[in-house]
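A short worksheet on the structure shown next.
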Amino acid sequence: MTALRAPFTTLALRRAVYCVVCVVSAAAILAVPAIVPGLGVLILWATGAMSDRPAPVVGPVFLVLFPLTVALLVVLAAPTGRALGAVHRSLADRLLGVHVDAPPKRIGSVLSDGPGWRAIGYCLLKVPLAIPQGYGAFCYVFGLVNLSYPVWWPLFRNHPAGTTLGPVWALTPFGTIGTRTFAGTFLIAAAGLAMLLVAPWLMRAGTTADLAAMRRLLGPRRLAERVRELQISRAQAIDDAATMMRRLERDLHDGAQIRLATLAMNLGMATEKLGVDGPPPDLAQARELVALAHRGAKDALADLRDLVRGIHPPVLDSGLGDALATLATSSAIPVSVHVDLPDRPAPAIETITYFCASELLANAAKHSHATRIGLDVIRSGAHVLLTVEDDGAGGANADGPGLSGLARRIAVVDGRMRVHSPIGGPTRVELELPTGGL
Amino acid sequence: MRVVIAEDAAMMREGLVRLLTDRGFEVCAAVADADALRSAIAETAPDVAIIDIRMPPTHTDEGLRAAIDIRRDHPDVGVLVFSQYVETRYATRLLADRPNGVGYLLKDRVADVADFVEALTRVASGGTALDPEVVGHLMRAGRDTASLTPREREVLALMAEGRSNAGIAAALVITPGVVEKHVANIFAKLGLASSDSDNRRVLAVLRHVSG
């Protein structure tokens with residue numbers, strides 16, 4: 001029963017569409033090396049340059065343009081492979097309901113882009129894979145067509161008796177068969193039925209092999225790549241920590257420490273002005289120095305308070321909701337905060353989310369000319385999703401130092417960033433962080 | 001007494017100018033970086049320069065390098081290096097061969113105005129002023145002084161800071177005669193040749209404690 005029903009499921013239809021697309025893309029892939037020389041020849045032909053002596057021109061054009069194309073293909077191979085891979089991943093996702101994660105972003109040069117070259121491997125594999133897929137799709141479509149012959153025979157072959165007509169042809173994988181009689185159409189229908197019954201299995205074989213290749217070649221992270229990614233993000237984490245410590249030292253050294261030293265100096269001078277006992281020798285100056293010291297102490301406290309908030313905002317202890325609401329109040333542009341988390345993420349993730357939000361708000365205030373900012377934190381599966389949206393001028397560059405630095409920092413906890421900021425706005429930055437940290 | 005100040009934090013610089021002017025020093029120049037310091041020294045030929053170690057542009061040790069240059073090029077100018085932290089290594093680089101006319105103090109020391117002014121005067125007149133922190137580091141890291149009594153160790157530390165017998169007597173609130181007795185004991189116990197000059201004494205003591 002399953003075998004009989006198999007051709008008539010939506011899955012079969014989807015597979016058939018997928019197979020047809022795959023055959024087309026395999027043909028396109030085969031044609032790619034000939035595109036540029038082919039175009040060259042086409043232009044020559046169109047401009048009439050070849051009308052008199054075609055052969056001597058076509059040869060050199062191909063000889064010059066073909067190696068050029070190959071060289072171009074080598075340089076463009078990895079990005080092209082990635083693009084084609086992305087198309088096929090989305091096809092598989094839409095038509096077959098199979099989701100294959102995107103490979104990690106390129107690290108290093110175009111020529112050493114491992115995932116890009118693997119995607120090229122997948123594209124080349126498309127060509128042999130297209131054979132069972134093509135057969136499957138062919139059997140599916142022409143199986144249906146052949147099966148329908150007896151239905152429409154009487155409609156068209158209602159000629160008077162004795163008229164001699166040419167045979168009606170039908171396509172099968174083993175060549176064409178023809179018939180001149182109504183009975184013969186049942187033979188064609190039988191062949192069609194056989195084709196239709198075989199088609200799902202052929203298509204299934206073709207797509208299964210295709211999906212296996214896709215998972216291996218288009219998916220992310222072979223172990224070695226994952227290790228490389230981790231090495232880079234670990235180095236990044238260590239660098240960040242060292243930079244953070246240096247900045248702290250510098251802030252303390254140039255801020256609170258110098259203020260306190262000056263304060264101590266002023267108090268020391270004031271003490272001298274007040275004398276050891278008896279009436280103070282210089283009360284007016286002593287007063288002035290004490291006032292100076294008093295101001296210095298307050299400045300030092302303000303400095304330290306800012307510094308402490310920069311290390312870890314105390315309000316974060318009572319959760320992201322409170323912390324982000326507090327953060328929003330200090331923004332120059334009105335911020336509407338919406339935090340909806342069923343439970344609290346790991347402390348490290350809360351801290352990272354907070355500082356990312358803080359940096360994104362500061363960016364928006366600096367560059368966007370926005371009139372309002374939306375700050376959303378929600379839970380999506382095992383991830384915290386931070387979205388900062390503004391109605392400003394857009395044009396934020398995800399590869400600029402600010403945003404790429406942010407992306408690098410969240411990569412340490414396997415976080416991902418998406419930036420959508422067309423010129424003219426609005427800007428939307430989404431950060432996805434795992435709730436559990438590492 | 002004429003002073004040049006090199007300190008990049010304006011607050012501290014102004015405070016020092018005020019303090020020293022109040023105490024009767026003549027502040028010839030108050031600058032914020034090492035290059036300005038070098039030209040100020042060449043122009044004004046002061047008795048002593050107060051130099052912050054960390055200054056622009058790199059905020060690392062340009063003050064220290066300027067101090068070493070000044071000690072080489074202008075041997076008559078006393079150099080008081082002034083910092084928010086002490087590095088024993090910096091102290092030994094500064095003292096290098098001769099401990100005269102050099103000081104290395106924590107900025108915190110300005111809180112005790114009299115002590116600070118005394119140390120500055122000592123450096124200006126060719127003496128030594130080492131921060132107790134530095135001396136402490138050197139003594140902890142250096143050779144064993146277990147044979148000394150606690151009082152003798154105190155006296156040794158004050159000697160290493162560059163203080164004279166009178167200064168030590170004042171700091172410990174004892175008579176100069178008692179100090180002399182302690183000093184003699186220390187030199188005998190550590191096997192050092194006694195010396196009349198405070199500077200040579202500092203060098204001997206430092207060489208001993210830093211092993």
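Residue numbering restarts at 1 for every chain, and letters A, B, ... go by the order of the sequence lines.
- Ranked by heavy-atom pairs under 4.5 Å with chain A, the list D8(B), D108(B), D22(B) is led by D22(B).
- Proximity to chain A involves both the backbone and the side chain of L16(B), based on heavy atoms less than 4.5 angstrom apart.
- To the nearest 0.5 Å, the span separating OG1 on T262(A) from CE on M12(B) amounts to 5.0 Å.
- Only the side chain of R54(B) comes within contact range of chain A, with heavy atoms under 4.5 Å apart.
- Between L252(A) and Q84(B), every side-chain heavy-atom pair lies at or beyond the 4.5 Å cut-off.
- Using a 4.5 Å cut-off between heavy atoms, L292(A) contacts chain B through its side chain alone, with no backbone atom that close.
- Looking only at side-chain heavy atoms (C-beta outward), M265(A) and K107(B) stay at 4.5 Å or farther from each other.
- For Y85(B), the part lying near chain A is the side chain, with the backbone staying farther off; criterion is any non-hydrogen pair under 4.5 Å.
- Residue H294(A) qualifies as open at atom NE2: its count of foreign heavy atoms under 6.0 Å is 12 or below.
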Could you walk me through whether M269(A) and R23(B) satisfy the side chain to side chain contact (heavy atoms under 4.5 Å, CB included) test, starting with their C-alpha distance in whole Å, then the side-chain angles of each, then the deciding distance to 0.1 Å, before giving a yes or no? CA-CA 10 Å; M269(A) 284 164 73; R23(B) 280 299 190 123; over 6 Å; no
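- Summarising the local packing, CZ of R65(B) is surrounded by more than 12 heavy atoms from other residues, nucleotides or ligands at distances under 6.0 Å.
- Proximity to chain B (any heavy atom under 4.5 Å) is shown, for L267(A), by neither the backbone nor the side chain.
- Smallest separation of non-hydrogen atoms from V110(B) and A261(A): CG2-O, 4.0 Å.
- Contact annotation for Q257(A): both backbone and side-chain heavy atoms come within less than 4.5 Å of a heavy atom of chain B.
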